[in-house]
K.L.:
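Shown below is the structure under consideration.
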Amino acid sequence: MAAQAAEVAGEESAIKQQGELDPFWSAVKAGEVGSSSYPGQFNGTLINTYDPTLIQARAGWLSQVLALALFGMIVIFALFVLVNGAAKLEKGFSGVEVLRWSKLDILVHWLMAIPCVLLILTGLSLMAGRFVFGSFLGPDGVAALAAIAKPIHDYMAIPFAIFGVIAMLRWMKHNFPAAYDLKWFMVVGGYLNFGPFKGQHPDSGFSNAGEKLWFWSFTIFGLALIGSGVVMLFPEQIEPSRTASLTALYIHGISAIVITGFTVVHIFMATVLSEGGFPAMTSGYVDENWAKQHHNVWYDEIKADGSIQYKQG
């Protein structure tokens, strides 16, 4: 603080021989206010103080755990699929397809999902670039990568926030807990192909227990991600203090870690682990045997009330 004051004043004499601050800088450190041309709420504060532990967390463990959440989960699930294999349809494909998602739901999903993936990749470059890419890109390469990632991250935040909130509101009705969800977790959803877990197909509604966990994690931490992102994206309108800005960055990082880990799991589950599951978010239809095996409660309900819709042709 004293050295910084001396540089600004242009006088090394600002520091007294006994190591005490010049009275002017002592007053500044104590919170003495003045006036400046800055129109914001901190226009009278010469130095905007902050909590240094927030910077230490941002530069340290937050960055490292974010990288681990992405690459660690990819490695773990890749090994799991390699050892366990995919969850096959016991009765095979029936050739009859049942409507699961509307065209609007599919549109909302992809307008949220594509920005989400881009935000994860660019966020990794911005927050943990020196840990992940520093060894082979060097400081200049990491800086160039960050310069590319920053505008993409800023612009992709808008559609993610809009369609993310829409998804939360549209799909909340499918994700309230049910009594049978506990059993789903106890047998790992029936996705294990060995031991006493093999062939287990626990009850599940429109969303199984794992999807419900993903939904509520996405909702809670997604809203935290969006809220903290607004503080960082529009500082001139919000005018946060330095500590508030760093706190937003801290919350943003923690939320990103959670969503990144769950996103990796979600992608593996939808594309690799569950045979017949991916068409749900492309055509909107799923094979009838897939619906019976993985979402039997939902299938029985739409069959009983006559709302089931089969794919024509």
Side-chain angles (χ1 to χ4, degrees), residues 38 40-42 45 48-73 108-109 111-132 142 145-172 175 213-267:
Y38 173 62
Q41 61 176 315
F42 300 104
T45 305
N48 192 349
T49 57
Y50 59 91
D51 183 353
T53 59
L54 294 173
I55 289 184
Q56 294 166 7
R58 159 65 179 83
W61 69 268
L62 269 178
S63 301
Q64 298 171 35
V65 175
L66 177 62
L68 185 63
L70 177 60
F71 297 111
M73 292 302 292
V108 169
H109 172 269
L111 289 177
M112 171 189 64
I114 294 173
C116 181
V117 172
L118 291 174
L119 287 170
I120 288 173
L121 296 177
T122 54
L124 180 74
S125 301
L126 294 169
M127 192 170 181
R130 61 195 178 99
F131 293 110
V132 179
V142 171
L145 183 63
I148 297 172
K150 180 63 167 62
I152 296 174
H153 198 82
D154 290 349
Y155 285 115
M156 287 296 101
I158 304 301
F160 171 78
I162 293 172
F163 292 101
V165 171
I166 292 174
M168 295 171 194
L169 295 174
R170 284 187 62 84
W171 303 339
M172 186 175 293
N175 289 280
L213 179 61
W214 160 230
F215 173 84
W216 289 111
S217 298
F218 176 79
T219 298
I220 294 169
F221 289 97
L223 290 175
L225 197 72
I226 293 168
S228 58
V230 168
V231 173
M232 295 186 290
L233 199 57
F234 304 105
E236 294 182 359
Q237 288 73 29
I238 298 175
E239 297 184 351
S241 67
R242 188 75 175 273
T243 296
S245 296
L246 290 172
T247 301
L249 187 62
Y250 187 81
I251 293 172
H252 204 73
I254 291 176
S255 302
I257 288 168
V258 175
I259 289 181
T260 296
F262 269 104
T263 298
V264 173
V265 175
H266 178 69
I267 291 173

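All values derive from a computational prediction rather than experimental measurement.
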K.L.:
Kindly indicate whether the side chain of Ile158, heavy atoms from C-beta on, has any atom under 4.5 Å from the side chain of Leu233.
P.N.:
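Touching, per the 4.5 Å side-chain cut-off.
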
K.L.:
Side chains of Leu126 and His153, heavy atoms from C-beta outward: is any pair under 4.5 Å?
P.N.:
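A side-chain contact exists here, since the closest heavy-atom pair is under 4.5 Å.
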
K.L.:
How far apart are the C-alpha atoms of Tyr155 and Thr122, what are their side-chain angles, what is the distance that settles it, and do they pass the side chain to side chain contact (heavy atoms under 4.5 Å, CB included) test?
P.N.:
CA-CA 11 Å; Tyr155 285 115; Thr122 54; over 6 Å; no

K.L.:
Can you tell if the side chain of Trp171 reaches within under 4.5 Å of the side chain of Thr219, non-hydrogen atoms only?
P.N.:
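Trp171 vs Thr219: side chains apart.
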
K.L.:
Which pair of heavy atoms, one from Ala256 and one from Leu225, lies closest together, and at what distance?
P.N.:
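Looks like N-CD1, 3.6 Å.
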
K.L.:
Any side-chain heavy atom of Leu111 within less than 4.5 Å of one from Pro159?
P.N.:
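Side chain of Leu111 against side chain of Pro159, heavy atoms only: no contact under 4.5 Å found.
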
K.L.:
Any idea which heavy atoms bring Phe215 and Met168 closest together, and the distance?
P.N.:
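Nearest pair, atom of Phe215 first, then Met168: CZ-O, 3.4 Å.
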
K.L.:
On a heavy-atom basis, which atom in Ala69 and which in Val264 lie closest, and how many Å separate them?
P.N.:
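Shortest heavy-atom separation between Ala69 and Val264 comes out as O-CG2, 4.4 Å.
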
K.L.:
Would you say Ser63's side chain and Met127's backbone share a donor-acceptor pair under 3.5 angstrom?
P.N.:
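Looks like yes, one N/O pair under 3.5 Å.
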
K.L.:
Give, for atom CZ of Phe218 and atom CG of Leu213, the distance between the pair rounded to the nearest 0.5 Å.
P.N.:
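Between Phe218 CZ and Leu213 CG, I get 14.0 Å after rounding to 0.5 Å.
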
K.L.:
Look up atom CD1 in Ile220 and atom CG in Leu223, then write down how far apart they are to the nearest 0.5 Å.
P.N.:
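Here the interatomic distance stands at 8.5 Å.
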
K.L.:
If you round to the nearest 0.5 Å, how far is CD1 of Ile120 from CZ of Phe160?
P.N.:
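Here the interatomic distance stands at 8.0 Å.
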
K.L.:
Please round to the nearest 0.5 Å and tell me the distance separating atom NE2 of His252 and atom CG of Leu62.
P.N.:
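Nearest 0.5 Å value for the NE2-CG distance: 11.5 Å.
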
K.L.:
Determine the interplanar angle of the Phe262 and Trp214 rings, folded into 0 to 90°, and report it as parallel if under 30°, tilted if 30 to 60°, perpendicular if over 60°.
P.N.:
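Rings of Phe262 and Trp214: parallel, as their planes differ by under 30°.
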
K.L.:
Measuring from atom CD1 of Ile226 to atom CD1 of Ile162, what distance do you get when rounded to the nearest 0.5 angstrom?
P.N.:
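So the gap between those two atoms works out to 9.5 Å.
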
K.L.:
What's the separation between atom CZ in Arg170 and atom NE2 in His109, rounded to the nearest 0.5 Å?
P.N.:
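It is 13.5 Å, given to the nearest 0.5 Å.
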
